[in-house]
Amino acid sequence: MKSWILAVSLLITNMAMGQTIADGLHLIDRDQPSRAKQVFEGLVSASPTGENYYYLGYYFLTRRDWTSAEDAFKKGLAADPKNYLNQVGLASIKVGQNKVNEAKVDFDRILQETKYKNGDVIHRIAEAYSMFYKLGRDAEFNANNNDPAEAIRLIDLMLEKTKKGPNAEQMIVRGDAFLIKNDGGNAVSSYEQALMQDPKNVKAKVKIGTVFLRGKNYRETQSRYKEAIDLDSNYAPAHKRYGEYLIVGSQYKNASRYFRKYLEKAEATPEVTLETAKLLFLSQDYEGAMKYTDEADKKGVKDNDIFRMRGYSNVEMKNYQQGIDNLEGMVRSGVKPYYMDDLYFGKGYQGLGKDSVALTYLERAAPLDTNNNVYNIIHDIRYKQKRYNDAANAALKGIEWKQKKNQAVGSGDYFKAAMDYYFVAAYIPNTDTLNRPLVAMKADTLFGKAISVNDKWPPFYLNRARANNLIDYSGTKWLGVPHYEKFLETIAKLKEEKSTTFKEDKNQLFEAYKYLGGYHITITKDDAKVRDYFTKAQEIKADDKVLMEYFNPGSTATAPAAPKK
């Protein structure tokens, strides 16, 4: 029995000793936290050295478990007071808690005491200055939790002082710091140096792809992510990042597939399960988002976004009341409000037909939302309510939102605002010969901008002609002429090109022919053109009184007045 117990004891020890610090770090990087924890706890159990305690604490740092990290670092200090890594760990906690300036005092002391000669210490201090920053998170989260310039300085100084070539992980730290500074060129250069040291470093390949994604170089993004997946198809973060790239290209179904692969490859912790739910929501897989939100909840995740994911997903699935109930439950729980909450409250109430309530939330969300052009939703509600001036204001703000985001403003954006102003002008009484033309001029300007973006769409010219008819309040200037002519010319070109994008409307053609015929009978006295336009108009509406009078032999044609609307 004693021999058996001894054998089992030796076996357990050997199994623990078979695991290395590198193995644990490898598992952290692959989103396998429980297995990583087992490795570090096994190392400490087998050999409670200062170094092993540091890496157990480092694991807790990556989980943002400050209490457990502090406990491990203090035990490491007690086990080996001369090992400075645990002092680095204790100071790193301060960085993670958004106290980077306090941490810097400790880091500077440690560097002085070690005389800048301990490469591991310099590496981990540099890493601490960048490891807690999260790309895409709000400014409040990332406030005072990083110092990329100091991270870069220390890595460069380490290479100078230690006289050793860089290893891959050190170059990745340097790349991460440049990425925080939004210096994509130097970030890529650092990650490529990591690959020179370790050509199979899949993490470096993924990070290069992320830099290109931020720089909107989508071809290189896709190439790097695919290289990473081909190199190691079990590397979970590669699948997640590739899914994010696909979302940018609106390839939502494919993105959903990669996010589900991410969950297969990563450890399905409560936190990862909820993160996957969020990613599936972004890929418009709302049923998947609900499924994994429920799973994360059952696993005991403590995250206020449980409310949000259920509320948002239900609204998108048109379960409007259920979505609103979820969001109201969140408010009652005292969760800190977020602009997206207002957006989904607004979309929920809009879905229930309560537009006035919806607008209260949407107008609050619009100025804060940098991901969704909420002004478009506001516009559509105002247009539906026939509050055209308010609709025009929303349309213009939507254009401003795009310009601030450096997004292309489409012809449809200008056309929408132009039509709003056209209707505002049309509803102003004819007797108001000041405001009616002034508002119509705003419409005319915006129609012109729409045409400058796309000069092949006939309705732009037709409606610009109508706006000019309102500007010409006396009906004597015939301002619509060039626009009706362009309207007909554009239709003719589309016919020549055999385009099927525009569906011809006979009433619109009649309007243009009759107007242009009236212009020539009144202004140019060109009988050939009058007859041509009126003939084409009569082929559409043979019973029109003006045309019947014109074509009735012996009668005197009465020139049609320019239309007011």
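- Counting only distance, with no hydrogens or angles, the side chain of Ser189 and the backbone of Asn186 share no donor-acceptor pair below 3.5 Å.
- Between the side chain of Asp355 and the main chain of Ile381, no donor-acceptor pair closer than 3.5 Å is present.
- Around atom NZ of Lys402, more than 12 heavy atoms belonging to other residues, nucleotides or ligands sit under 6.0 Å away.
- With 3.5 Å as the limit, one finds a donor-acceptor pair spanning the side chains of Lys416 and Asn376.
- At a threshold of 4.0 Å, the pair Lys384-Asp380 does not count as salt-bridged, since none of the basic side-chain nitrogens sits closer than that to a carboxylate oxygen.
- Aromatic ring orientation, Phe423 versus Tyr383: perpendicular (interplanar angle above 60°, classes split at 30° and 60°).
- Relative orientation of the Tyr242 and Tyr245 rings is tilted, given thresholds of 30° and 60° on the angle between their planes.
- The side-chain heavy atoms of Gln508 and Pro459, taken from C-beta on, include no pair separated by under 4.5 Å.
- Looking at Asn389 and Val439, their side chains never come closer than 4.5 Å, going by heavy atoms from C-beta outward.
- A centroid separation of less than 6.0 Å is found between the aromatic rings of Phe415 and Phe447.
- Side-chain N/O atoms of Asp420 and His379 include a donor and acceptor closer than 3.5 Å.
- At least one test fails for Lys397 against the ring of Tyr375: distance under 6.0 Å to the centre or angle within 45° of the axis.
- Remark: of the listed residues Thr293, Asp294, Asn326, Asp294 is the sole one forming a side-chain hydrogen bond (donor to acceptor under 3.5 Å, both in side chains) with Arg310.
- Within 6.0 Å of NZ on Lys261 lie more than 12 heavy atoms contributed by other residues, nucleotides or ligands.
- There is a side-chain donor-acceptor pair under 3.5 Å between Tyr339 and Asn371.
- The shortest distance between side-chain heavy atoms of Ser130 and Asn146 does not fall below 4.5 Å.
- For the side-chain hydrogen bond (donor to acceptor under 3.5 Å, both in side chains) with Asp285, the qualifying choice from Lys291, Lys253, Arg260 is Arg260, the only one to do so.
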(request) Begin with the C-alpha distance, continue with both residues' side-chain angles, and end with the deciding distance and a verdict on salt bridge (charged side-chain N to carboxylate O under 4.0 Å, His left out) for Lys493 and Glu489. (result) CA-CA 6 Å; Lys493 284 183 179 179; Glu489 178 187 319; 3.6 Å; yes
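- Side-chain polar atoms of Arg466 and Asn469 form no donor-acceptor pair below 3.5 angstrom.
- For the 3.5 Å distance criterion, the side chains of Tyr191 and Asp176 qualify, holding a donor opposite an acceptor.
- Around the CD atom of Glu287, the shell of radius 6.0 Å holds no more than 12 heavy atoms that belong to other residues, nucleotides or ligands.
- Using modelled atom types, no side-chain atom of Asn372 and backbone atom of Val374 make a donor-acceptor pair closer than 3.5 Å.
- Not one N or O on the side chain of Asn552 forms a donor-acceptor pair closer than 3.5 Å with the backbone of Met548.
- Atom CG of residue Leu263 and atom OG1 of residue Thr269 lie 8.5 Å apart, to the nearest 0.5 angstrom.
- A donor-acceptor contact closer than 3.5 angstrom links the side chains of Thr273 and Lys299.
- Relative ring orientation between Phe281 and Tyr312 is described as tilted, the plane-to-plane angle lying within the 30° to 60° band.
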(message) With side-chain contact (heavy atoms from CB on, under 4.5 Å) as the criterion, how do Leu488 and Leu509 come out once you've worked through the C-alpha distance, each side chain's angles and the decisive distance to 0.1 Å?
(response) CA-CA 8 Å; Leu488 296 174; Leu509 290 171; 3.7 Å; yes
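- The closest donor-acceptor contact from the side chain of Arg436 to the backbone of Ala425 lies under 3.5 Å.
- Formation of a donor-acceptor pair under 3.5 Å by the Asn314 side chain with backbone atoms of Asn319 is not found in this model.
- A heavy-atom distance below 4.5 Å is not found between the side chains of Asp413 and Val453.
- Ring geometry, Phe551 versus Phe534: the interplanar angle exceeds 60°, so the pair is classed perpendicular (tilted spans 30 to 60°).
- Using a cut-off of 4.0 Å between Lys/Arg side-chain N and Asp/Glu carboxylate O, Glu539 and Lys536 are scored as not salt-bridged.
- By the 4.5 Å heavy-atom criterion applied to side chains, Arg214 and Leu179 are counted as neighbours.
- Side-chain contact annotation: Glu511 with Tyr484, donor-acceptor N/O pair under 3.5 Å present.
- Considering every non-hydrogen atom in both Tyr225 and Val206, the closest pair reads CE2-O, 3.2 Å.
- With hydrogens and angles ignored, the 3.5 Å screen pairs no side-chain donor or acceptor of Lys318 with any backbone N or O of Gly351.
- Not one N or O on the side chain of Ser223 forms a donor-acceptor pair closer than 3.5 Å with the backbone of Glu220.
- Applying the side chain to side chain donor-acceptor pair (under 3.5 Å) rule to Lys386 yields no partners; only residues at least two apart in sequence or on another chain are considered.
- Although no hydrogens or angles enter the test, the distance criterion places a donor-acceptor pair under 3.5 Å between the side chain of Thr221 and the main chain of Leu213.
- Contact annotation: the side chain of Leu274 never approaches that of Tyr292 to less than 4.5 Å [non-hydrogen atoms, C-beta and beyond].
- Considering only heavy atoms from C-beta on, Arg308 comes within 4.5 Å of Asp341 through its side chain.
- Between the side chains of Gln321 and Asp325, at least one donor N or O lies within less than 3.5 Å of an accepting N or O.
- Put simply, the side chain of Asp138 gets close to the backbone of Phe141: a donor and an acceptor are under 3.5 Å apart.
- Taking 4.5 Å as the limit, every side-chain heavy atom of Lys486 sits out of range of all side-chain heavy atoms of Asp455.
- Within 6.0 Å of NZ in Lys477 there are 12 or fewer heavy atoms belonging to other residues, nucleotides or ligands.
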(request) Go through the steps to decide whether Lys347 and Glu316 satisfy the test side-chain contact (heavy atoms from CB on, under 4.5 Å), and finish with yes or no. (result) CA-CA 9 Å; Lys347 291 175 78 170; Glu316 292 291 357; 2.9 Å; yes
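- In Glu140, the CD atom is not crowded: 12 or fewer heavy atoms of neighbouring residues, nucleotides or ligands sit closer than 6.0 Å.
- In this structure, CG in Asn507 is found 8.0 Å from CD1 in Ile540, a value given to the nearest 0.5 Å.
- Evaluation of the side chain to side chain contact (heavy atoms under 4.5 Å, CB included) rule for Asn98 yields Asn144, Asn145 as partners, not counting sequence neighbours.
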